[in-house]
Amino acid sequence: KRDNRNAPRKSGAPLAVMFTDIEMSTSLWAEHPGAMADALQLHHNEIRSLIKKHMCYEVKTIGDAFMVVSDSPVRLLRLAMGL
């Protein structure tokens, strides 16, 4: 279940949006499927930990890509710098 506590709530208020993606992940999956499964789990855990730490909100995850928002560009930037 998704944690909605940090979801922006003010209608019409500006949002900062961040998208992540693992570069060349398709070829990495083809060459190292076992290692990528473990790496993807670590990747997801790390990003979700940073999302929580910086009080941002995970909108969507598809494969290795995340969409994250915050009503604070500074918090989102700190999350990105933590990656």
Tell me, yes or no, whether the heavy-atom count around [X] atom [atom1], taken from other residues, nucleotides or ligands under 6.0 Å, exceeds 12.
{"X": "R48", "atom1": "CZ", "value": "yes"}
{"X": "E23", "atom1": "CD", "value": "no"}
{"X": "R5", "atom1": "CZ", "value": "no"}

(Q) Pair V17, M67 - check side-chain contact (heavy atoms from CB on, under 4.5 Å), show working. (A) CA-CA 7 Å; V17 181; M67 177 183 180; 4.1 Å; yes
Q: Could you walk me through whether F66 and I51 pass side-chain contact (heavy atoms from CB on, under 4.5 Å), step by step?
A: CA-CA 11 Å; F66 278 75; I51 288 170; 4.2 Å; yes
From [atom1] ([X]) to [atom2] ([Y]), nearest 0.5 Å:
{"X": "M36", "Y": "L42", "atom1": "CE", "atom2": "CG", "result": "11.0 Å"}
{"X": "L76", "Y": "L50", "atom1": "CG", "atom2": "CG", "result": "11.0 Å"}
{"X": "H32", "Y": "D38", "atom1": "NE2", "atom2": "CG", "result": "13.0 Å"}

Check [X] against [Y] and note the closest heavy-atom contact, atom names and distance.
{"X": "M55", "Y": "R75", "result": "O-NE, 3.5 Å"}
{"X": "N6", "Y": "Y57", "result": "O-CB, 3.6 Å"}
{"X": "M18", "Y": "L79", "result": "CE-CD2, 3.1 Å"}
{"X": "C56", "Y": "S70", "result": "SG-CB, 3.8 Å"}
{"X": "I22", "Y": "D64", "result": "N-OD1, 3.1 Å"}
{"X": "R9", "Y": "A7", "result": "CG-O, 3.2 Å"}

(Q) When you compare the side chain of V68 with that of T20, does any pair of heavy atoms fall below 4.5 Å? (A) no
Q: Report whether F19 and V69 are members of the same hydrophobic cluster (ILVMFWY, side-chain heavy atoms less than 4.5 Å apart, transitive linking).
A: yes
**Q.** Which residues share a side-chain hydrogen bond (donor to acceptor under 3.5 Å, both in side chains) with T61, sequence neighbours left out
**A.** E58
